[in-house]
Amino acid sequence: SVLTSEEFRSATWLCISIAVYNMMSGVNIINGYSTQIFDHIGDEGTFTTAQKNYFVGCSGFFGACLSKYTVLHLNRRTILIGGHFLMGIFLFLIAIFIVTKHPNLTIFSMSAFIITFQASNGALFWVYVSDIGTEATFGLCLFTLMVMLLLQSLTALPLMNSSWCGVDGMFFGLAAF
C-alpha cells in the first residue's frame, strides 16, 4: 500500500496533507455560500448580491488563467508557501471587513483570495501530486478532497448561522488554519 510502503509513504502523506490544507483554505465555502455571506453583511454596498457573485465567479476564472503562468514560471515551494501566506492574509481581511460591515472591501478581499488560490495552490496541487505520487496516491488524494468537501457542505452553513461562530468567526478560523 502507498500509505505503508517505505518508498511511497512520505510522498503519499504529504500529498494527502496538501489536499486537506487545500480544502480547508475556504475557497469552496466562498464559492458555495457567497450569497449567504453577502446577505449576512447586508446590501449596503455599491454592488448587488448578484454582481458580487459574478465577481466571485470571474475571480476564479481569472485566477485559473493566471495559474498557467505561475506554475510554469515559479518554483513549487514559492507557489505553495507564498500562496498559503497570501490566502491567510486575505481570509483574515475578509473576516475583518465582515465584522466592520464593509461590503465592497469584503468582495475585493474575496476576489483577491480566490485569484490567489487559483493561481497558486488550486493548480499546483494537481501538478504536484502527479509529479511525486503514484496513481494510488492520486486516488487517495481525490478521495480526501471529496471527504473534506462533504464535511464542509455539512458544517459550513450551520457554522455561519450559529451565534457562537458566525460568518466572521468561520473566516477567522480558516485564516488561522
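Source: prediction; values computed, not measured.
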Between [Y] and [X], is there a side-chain heavy-atom distance shorter than 4.5 Å?
X: Phe117; Y: Ile30; answer: no
X: Asn28; Y: Met148; answer: no
X: Asn161; Y: Gln36; answer: no
X: Leu145; Y: Leu149; answer: no
X: Asp131; Y: Arg76; answer: yes

Between Thr49 and Thr35, do the side chains contain a donor N or O and an acceptor N or O under 3.5 Å apart?
no
Is it the case that the side chains of Thr137 and Thr134 hold a donor-acceptor pair, with the cut-off being a distance below 3.5 Å and no angle test?
yes
If you compare all heavy atoms of [X] against all heavy atoms of [Y], which two are closest, and at what distance to 0.1 Å?
X: Thr116; Y: Gly83; value: CG2-O, 3.9 Å
X: Gln51; Y: Thr48; value: OE1-N, 2.9 Å
X: Gly122; Y: Asn22; value: N-OD1, 4.3 Å
X: Leu124; Y: Ile79; value: CD2-CG2, 3.7 Å
X: Phe47; Y: Lys52; value: O-CE, 3.4 Å

With the 4.5 Å side-chain cut-off for hydrophobic clustering, are [X] and [Y] part of the same group?
X: Val147; Y: Ile18; value: yes
X: Val27; Y: Leu151; value: yes
X: Trp126; Y: Val20; value: yes
X: Leu66; Y: Met87; value: no
X: Met110; Y: Leu157; value: yes

Once you round to the nearest 0.5 Å, how far does [atom1] of [X] lie from [atom2] of [Y]?
X: Ser120; Y: Phe125; atom1: OG; atom2: CZ; answer: 13.5 Å
X: Tyr33; Y: Met160; atom1: OH; atom2: CE; answer: 6.0 Å
X: Phe38; Y: Phe55; atom1: CZ; atom2: CZ; answer: 9.5 Å
X: Cys15; Y: Leu142; atom1: SG; atom2: CG; answer: 12.5 Å
X: Leu174; Y: Ile29; atom1: CG; atom2: CD1; answer: 5.0 Å
X: Asn121; Y: Ser67; atom1: CG; atom2: OG; answer: 11.5 Å

Show the atom names and distances, to 0.1 Å, of all donor-acceptor pairs under 3.5 Å that link a side chain in residues 88-100 to residues at least two apart or in another chain.
{"residue": "Thr100", "atom": "OG1", "partner": "Ile96", "partner atom": "O", "Å": "2.9"}
{"residue": "Thr100", "atom": "OG1", "partner": "His102", "partner atom": "ND1", "Å": "2.7"}

Could you go step by step and tell me if Thr12 and Phe138 meet the side chain to side chain contact (heavy atoms under 4.5 Å, CB included) rule?
CA-CA 8 Å; Thr12 300; Phe138 197 83; over 6 Å; no
Whether the side chain of Ser111 engages the backbone of Ser59 through a donor-acceptor N/O pair (distance < 3.5 Å, no angle test) should be reported.
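No.
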Taking Asn104 for the side chain and Thr46 for the main chain, is one N or O donor matched with an acceptor at less than 3.5 Å?
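Flag set: sc Asn104 to bb Thr46 pair under 3.5 Å.
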As a quick check of understanding, evaluate side chain to side chain contact (heavy atoms under 4.5 Å, CB included) for Cys165 and Met170, giving each step before the final call.
CA-CA 6 Å; Cys165 182; Met170 187 177 60; 4.2 Å; yes
Dump the intermediate steps for side chain to side chain contact (heavy atoms under 4.5 Å, CB included) on Phe61 and Cys65, then the final yes or no.
CA-CA 6 Å; Phe61 178 74; Cys65 292; 3.7 Å; yes
